[in-house]
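Only one structure is covered here, and it is reproduced in the block below.
Convention: sequence-line order gives letters A, B, ...; per-chain numbering from 1. We use all heavy atoms of the structure for the numbers below, so side chains are in, but hydrogens, waters and symmetry mates are not.
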Amino acid sequence: MCGRYVRSSTDELLASYFGVSYTPYPWTAPSFNITPQSTQPIIRLNPRTHKRELAPSRWGLIPSWAKDSKIGLKTFNARSEDIDTKPVFRQSLKERRCLIPADAFYEWQKITTKDRQPFVIALNSRQPFAFPGLWDRWHDQDGSILDTFSILTTSANALMAPIHDRMPVILSPTDNDAWLQSKEPPLQLLRPFDATQMLAWPVSDRVGNVRNNDPTLIEPITPRKRTLFD
DNA sequence: CCAGACGTTGTT
DNA sequence: GTCTGG
DNA sequence: CCAGACGTTGTT
DNA sequence: GTCTGG
């Protein structure tokens, strides 16, 4: 997992969809090619007020006790199957769950050893949705604060299986609140999404270059290679 | 007991 | 902070 | 994300 | 130009 995520809606739309107020900070520009180590808006409960807020956070969770930040290079995803056994996620699972808004994500299908075909995956409805996530706050040596997050993954459903063996968990809109608010972590929500409610289509290799970030990245193409869908 | 690790995927 | 391995 | 590297051999 | 490492 898990390709790169795409967020093609404007932040105003996403914010209103998820019931959080929109603040036009620089980090809220629409993204079409979201990558680990980049800063993204997440939805969380404010640690003091316990109200929902949209907050900038870097993809790749660094636990508060980390001596240095490089553990964040390997925590962009968290496996939901055994999430409650991992020290690195334990406190965040209990106290700092979050939502990562998106309206699609990318995944790469392996064609040969070196050759891969990127796909966009979205809901039939083309509605926005949320990945369940965990976040934590880390203080670097200068004392400056860095908020970071991980996205929960699960096994591939029937739609994803031809593309990849893992996929991000997608929450039903009606479950978003439970993920944020439940006293105990609602692990039963961490399951593959209904495959009949999802679509996938091939897109240009340009998505593989992180510098490309424009709306044409998610336009369908004719696959250059024979894929498992052919 | 304490030292050392703590994570995931494979285009993250 | 919390767990594992020695 | 982007700075920085970008090589070879491995029984010769 | 493309890949890797942090």
Side-chain angles (χ1 to χ4, degrees), chain A residues 1-7 26-27 29-42 47 56-96 100 102 104-121 131-141 146-156 160-161 163-170 185 190 200 202-214 217-218 221 223-225 227:
Chain A
M1 222 297 325
C2 238
R4 300 192 168 97
Y5 299 100
V6 56
R7 181 164 53 94
W27 51 268
S31 299
F32 300 90
N33 204 350
I34 299 174
T35 65
Q37 302 293 287
S38 63
T39 297
Q40 305 299 331
I42 64 169
S57 189
R58 189 204 276 185
W59 191 5
L61 186 146
I62 304 169
S64 58
W65 43 260
K67 289 195 182 62
D68 71 75
S69 65
K70 63 174 185 281
I71 191 171
L73 296 167
K74 301 289 179 66
T75 51
F76 42 87
N77 289 144
R79 293 176 62 92
S80 59
E81 292 92 336
D82 53 2
I83 184 68
D84 58 348
T85 70
K86 305 290 188 179
V88 72
F89 297 126
R90 179 167 301 288
Q91 289 191 315
S92 294
L93 182 65
K94 201 190 297 181
E95 302 165 7
R96 286 180 294 279
I100 296 89
F105 63 95
Y106 301 108
E107 191 54 85
W108 279 257
Q109 182 185 52
K110 189 183 277 190
I111 306 294
T112 66
T113 311
K114 295 195 158 177
D115 198 16
R116 300 204 162 101
Q117 174 64 53
F119 285 82
V120 165
I121 297 97
F131 303 121
L134 306 175
W135 70 278
D136 208 344
R137 176 163 291 175
W138 183 70
H139 294 84
D140 71 13
Q141 286 157 346
L146 184 61
D147 286 348
T148 57
F149 70 94
S150 299
I151 291 177
L152 282 277
T153 64
T154 186
S155 54
M160 285 296 297
I163 302 174
H164 198 69
D165 63 339
R166 303 290 295 168
M167 63 185 279
V169 177
I170 295 172
L190 305 177
V203 293
S204 162
D205 287 335
R206 289 185 305 111
V207 70
N209 185 332
V210 298
R211 288 182 184 80
N212 295 327
N213 186 32
D214 65 80
L217 289 180
I218 60 172
I221 61 151
R224 67 201 142 72
K225 298 273 186 207
T227 71

So, taking the atom named [atom1] in [X] and the one named [atom2] in [Y], what distance separates them when rounded to the nearest 0.5 Å?
X	Y	atom1	atom2	answer
F105(A)	M167(A)	CZ	CE	5.0 Å
I83(A)	L190(A)	CD1	CG	8.0 Å
F131(A)	T153(A)	CZ	OG1	11.5 Å
I218(A)	Y106(A)	CD1	OH	6.5 Å

Of A78(A) and T35(A), the one whose closest nucleotide on DNA chain B sits nearer the 5' end is A78(A)
Heavy-atom nearest nucleotide on DNA chain B taken for W108(A) and for T75(A); more 5' hit belongs to T75(A)
Length of the [atom1]-[atom2] vector between [X] and [N], whole Å:
X	N	atom1	atom2	result
Y5(A)	dT8(B)	OH	P	13 Å
D82(A)	dT8(B)	CG	P	6 Å
I83(A)	dT8(B)	CD1	C1'	11 Å
H164(A)	dT8(B)	NE2	P	13 Å
L93(A)	dC6(B)	CG	C1'	15 Å
L152(A)	dT8(B)	CG	P	10 Å
M167(A)	dG10(B)	CE	C1'	18 Å
W138(A)	dC6(B)	CH2	P	18 Å

Would you call the rings of W59(A) and Y5(A) parallel, tilted or perpendicular, where under 30° means parallel and over 60° means perpendicular? tilted
Checking all strands, does Y106(A) fall into the base, sugar-phosphate, or nothing category for heavy-atom contacts under 4.0 angstrom? nothing
Distance between the P atoms of dG5(C) and dT8(B), in whole angstroms? 16 Å
Same-atom distance (C1') from dT9(D) to dG1(E), integer angstrom: 26 Å
Can you tell which of dG10(B), dT8(B), dC6(B) lies closest to the side chain of R79(A)? dT8(B)
Restricting to pairs with a member in residues 77-86 of chain A, which pass salt bridge (charged side-chain N to carboxylate O under 4.0 Å, His left out), not counting sequence neighbours? E81(A)-R166(A), D82(A)-K86(A)
Generate the contact string for nucleotides 1-6 of chain E. Rules: B means base contact, S means sugar-phosphate contact only, - means no protein heavy atom under 4.0 Å. -----B
Could you summarise the pairing of DNA chain B as dot-bracket text, marking Watson-Crick and G-U pairs under 3.5 Å with ( ) or [ ] inside the strand and | across strands? ||||||......
May I ask you to decide if P56(A)'s main-chain N or O and T39(A)'s side chain share a donor-acceptor pair within less than 3.5 Å? no
Between the main-chain N or O of D147(A) and the side-chain N or O of S57(A), is there a donor-acceptor pair closer than 3.5 Å? yes
What do the steps show when you test Q40(A) against F149(A) for side chain to side chain contact (heavy atoms under 4.5 Å, CB included), and what is the final call? CA-CA 9 Å; Q40(A) 305 299 331; F149(A) 70 94; 4.2 Å; yes
